[in-house]
Amino acid sequence: MRSLAPPVAGEHRPTAQSHYRDAETAPPSQRRTLPPLESFQAISQRKQRYVGPTDESNWVLPGRLMVGAFPGVSDDRENDRLLNSILACGVTTFVCLQREYD
């Protein structure tokens with residue numbers, strides 16, 4: 001099973017900050033950019049393309065950026081199924097935008 005531990009920055013795994021710094025100094029032909037967002041009309045015509053692997057996930061940029069609720073439940077088997085369905089889509093980074101509980 002794949003580890004969900006955060007990656008450790010090092011020579012073989014650059015930090016996000018170094019990625020952005022390198023992108024800013026790279027020649028335009030070597031910069032990676034995100035595609036433009038589609039219009040709501042275009043999205044509504046291809047809704048299935050934006051459906052994520054879980055009931056509470058959706059693609060913002062299909063195959064590149066997914067959003068959704070915390071992918072965890074108390075049942076271990078269901079939890080494994082949810083996480084593996086997300087990992088199977090190629091997701092490698094999870095970001096939580098929730099405020100920490102006091």
Side-chain angles (χ1 to χ4, degrees):
M1 183 168 175
R2 241 172 117 168
S3 170
L4 295 178
V8 176
E11 288 181 31
H12 65 287
R13 297 195 109 170
T15 64
Q17 291 83 3
S18 67
H19 169 74
Y20 293 121
R21 183 180 60 245
D22 295 343
E24 291 173 358
T25 59
S29 62
Q30 295 179 2
R31 292 182 191 163
R32 294 190 302 180
T33 59
L34 293 174
L37 296 176
E38 292 189 277
S39 69
F40 286 119
Q41 182 179 10
I43 291 171
S44 66
Q45 293 171 356
R46 294 185 290 239
K47 288 180 187 176
Q48 199 57 32
R49 186 171 178 226
Y50 289 87
V51 173
T54 67
D55 291 341
E56 296 186 17
S57 66
N58 294 290
W59 289 102
V60 175
L61 298 170
R64 306 262 325 253
L65 177 62
M66 181 187 298
V67 296
F70 178 78
V73 295
S74 58
D75 179 65
D76 287 341
R77 286 184 191 174
E78 179 65 9
N79 196 54
D80 283 348
R81 187 192 70 73
L82 285 172
L83 289 173
N84 284 318
S85 69
I86 295 169
L87 293 171
C89 290
V91 172
T92 59
T93 304
F94 291 80
V95 177
C96 180
L97 300 177
Q98 292 177 311
R99 185 178 188 168
E100 284 192 52
Y101 295 112
D102 293 328

Within this structure, what is the CH2-CD distance for the pair Trp59 and Gln48, rounded to the nearest 0.5 Å?
13.5 Å

On a heavy-atom basis, the closest approach of Asn79 and Pro71 is OD1-O, 3.6 Å

Just to verify, what does Glu78 make a side-chain hydrogen bond (donor to acceptor under 3.5 Å, both in side chains) with, not counting sequence neighbours?
Arg81

Checking side-chain contact (heavy atoms from CB on, under 4.5 Å) for the pair Phe70/Leu82: CA distance, chi angles, key distance, verdict?
CA-CA 10 Å; Phe70 178 78; Leu82 285 172; over 6 Å; no

Residues in side-chain contact (heavy atoms from CB on, under 4.5 Å) contact with Leu37, at least two apart in sequence or another chain
Val60, Leu61

Minimum heavy-atom separation for Arg64 to Pro35, with atom names?
NH1-CD, 3.5 Å

Within 6.0 angstrom of Asp55 CG, more than 12 heavy atoms from elsewhere:
no

Is there a path of hydrophobic side-chain contacts, each under 4.5 Å between heavy atoms of I, L, V, M, F, W or Y residues, that connects Leu83 with Val73?
no

